[in-house]
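Okay, structure first, notes after.
Side-chain atoms are counted along with the backbone in the values below, which use heavy atoms only and exclude waters and symmetry mates. Letters A, B, ... mirror the listed sequences (proteins, then strands); counts begin at 1. This one's a predicted model, so the numbers in the text were calculated from it and none came from an experiment.
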2 protein chains.
Amino acid sequence: MKIKNYYKNLPHKTIERLSQYRRALMICLDNGKTHIFSHEIANIQHITSVQVRRDLMLIGYSGTLRKGYNIQDLIEVISHIIDDEEGIKVAVVGMGNLGRALMKYVRGKRHKLEVVAGFDTNEEKIGKEYKGVTCYSIDDLEKVIDKLNIKLAILTVPAKYSTETAEKLVDAGIKGILNYTPKPIRVPEDVYLEEYDMITTLEKVAFYIKMHQEEEGE
Amino acid sequence: MKIKNYYKNLPHKTIERLSQYRRALMICLDNGKTHIFSHEIANIQHITSVQVRRDLMLIGYSGTLRKGYNIQDLIEVISHIIDDEEGIKVAVVGMGNLGRALMKYVRGKRHKLEVVAGFDTNEEKIGKEYKGVTCYSIDDLEKVIDKLNIKLAILTVPAKYSTETAEKLVDAGIKGILNYTPKPIRVPEDVYLEEYDMITTLEKVAFYIKMHQEEEGE
DNA sequence: TTTTGCCTGTTATTTGCTTAACAATGTGCT
DNA sequence: AGCACATTGTTAAGCAAATAACAGGCAAAA
Ligand SMILES: NC(=O)c1ccc[n+]([C@@H]2O[C@H](COP(=O)([O-])OP(=O)(O)OC[C@H]3O[C@@H](n4cnc5c(N)ncnc54)[C@H](O)[C@@H]3O)[C@@H](O)[C@H]2O)c1
Ligand SMILES: NC(=O)c1ccc[n+]([C@@H]2O[C@H](COP(=O)([O-])OP(=O)(O)OC[C@H]3O[C@@H](n4cnc5c(N)ncnc54)[C@H](O)[C@@H]3O)[C@@H](O)[C@H]2O)c1
């Protein structure tokens, strides 16, 4: 198959935007719209129409001249690219404040991304349900991941346990990790890793506020 | 002053890494270390030593040959660059699940970034304290922001209120917004905006899991 | 029918950042 | 003392992504 090789070369940023386009498109569809211009999508996302067209070119989707893109079709094309047919099962590892907020948030949001388990070490949480999802003991990680066919883990344990928990996840056969702890983790090549550090982002915003202040006070 | 012009040209990514270096360095300092090599910092952050040295070159900090960088000094230099001397006051706008988790998390983490207020529309939340921080009515936004000298807002309201709330924040004189809602917002040039969309990130991880699966099943 | 203008799709250029290459230098070892 | 080499600091090359430039074509207006 060459199609998948082709998608493989899509820029990471394009993948991100496709996800965003799709959500915007679904809202438009709900509002009864059937077609949309590149500059309309661009407006919603606050980017340029060139970028939208370029992204759509990369995935090989063509619109109609002077009519724009067929929303329904485009949603399907994007879904075919980014969604797994059978869906990807997700686990939240560390059912603390952030983990629970995320679980509640993700539940039912995207039907191809289903949160099917939580994990924790706290005895009081183990065995309980949260938003209809069972919280398992971290000791049963491998067993549960295997049984429920979980591929993706959202990591929200305290930072000092990041490394060891990541190792457990890898050993249990997880294929992708979204790490929300501020401690960077390391995974083998065949596991996809995405990290997000909130404090860094906050400090960055603060830096640019400061920068701008100093500029003004010149 | 040319120093600030100089910092202004630091790559965004370098700013992010400086924040991360500093946190790693503070842990090292606590452990009694006084000096550190570029490759040690690199190991902690899972990047290359070249990148670390390049970043430090950009901020004009010099280490000692065969001895590495003085941790205490480096922390101070980084702090001088990224911290505002007087500190930046932060508000959490939308005291829901995410907002409360964030408030609890950020409180006391960085003493130059202080969360001093929450805002909500829910009558039951208004006037209450959470982790020692008062939740105000969104109607008092301008008044409170002015009085408490709040510069940075973390936006965690429901997506459908993103746009109008962002406008209120701008009107109230906020200087930087960290938008955690999935709906992009627009701000004037003099307000710094950083957006993070969780669902996009999740879908991206899922995409690369799928990609890798298909590659294997070739 | 011709022309104007709008919108798509592609190729070229520029920009920002990372990685590689290497020059410089002082420390410890012999 | 002199040599080997670990480590820093700088310059150059390479990459990925964004932006700009423009070619193409149809629909509606004239
Ligand atoms: N709360 C936030 O808004 C926020 C924001 C950004 C990042 N983070 C990061 O997310 C992580 C969690 O934050 P939180 O505020 O939810 O903390 P929390 O203390 O509320 O939650 C941590 C949870 O992990 C569980 N846990 C502890 N050790 C574990 C282990 N070895 N295996 C599995 N579970 C374990 C705890 O029982 C608890 O339920 C931290 O690393 C934090 O730095 C939090
Ligand atoms: N929960 C998560 O883990 C998560 C993750 C990523 C993004 N988000 C986004 O963050 C936002 C909040 O998510 P949540 O789960 O905390 O939702 P939530 O419903 O728990 O919280 C929303 C809060 O905002 C308040 N609110 C409503 N309208 C308001 C207004 N006009 N001004 C001020 N406050 C108002 C509500 O009273 C409520 O307290 C949403 O946009 C969501 O998409 C949430």
Does OP1 or OP2 of D/dT8 have a side-chain N or O of B/S49 closer than 4.0 Å?
no
Roughly how many Å is it from CD1 in B/I36 to C1' in D/dT7, rounded to a whole number?
14 Å
From the list D/dT7, D/dT11, D/dG24, which nucleotide is the closest neighbour of the side chain of B/F37?
D/dT7
Given D/dT8, is OP1 or OP2 found less than 4.0 Å from the side-chain N or O atoms of B/S38?
yes
OP1 or OP2 of D/dG9 versus the side-chain N and O atoms of B/R66: is any pair under 4.0 Å?
no
Hey, does the side chain of A/Q45 reach the backbone of A/Y21 with a donor-acceptor pair shorter than 3.5 angstrom?
no
Report the nucleotide, chosen from D/dA17, C/dT18, D/dA20, that has the shortest atom-to-atom distance to any side-chain atom of A/P11.
D/dA17
In whole Å, what is the span from the CE atom of A/M57 to the C1' atom of C/dC7?
16 Å
Just the rounded figure in Å: distance from P of C/dC17 to NE2 of A/H12.
18 Å
Examine distances only and state if a side-chain atom of B/D120 and a backbone atom of B/M95 form a donor-acceptor pair shorter than 3.5 Å.
yes
Can you tell me whether the side chain of B/R53 and the base of D/dT10 have a donor-acceptor pair closer than 3.5 Å?
no
Would you call the rings of A/Y192 and A/H12 parallel, tilted or perpendicular, where under 30° means parallel and over 60° means perpendicular?
tilted
Report the residue (A/T14 or B/Y69) whose heavy-atom-nearest nucleotide on DNA chain D is the more 5′ of the two.
B/Y69
Nearest to the side chain of A/L65 - C/dT19, D/dA21, D/dC26?
D/dC26
Euclidean distance, atom CG of residue B/N9 to atom C1' of C/dT15 [Å, nearest integer]:
14 Å
Aromatic ring pairing B/Y61/B/Y69, orientation class (parallel under 30°, perpendicular over 60°, tilted between):
tilted
Tell me whether the OP1 or OP2 atom of C/dT8 has a side-chain N or O from A/T64 closer than 4.0 Å.
no
Does OP1 or OP2 of D/dA17 have a side-chain N or O of A/Q51 closer than 4.0 Å?
no
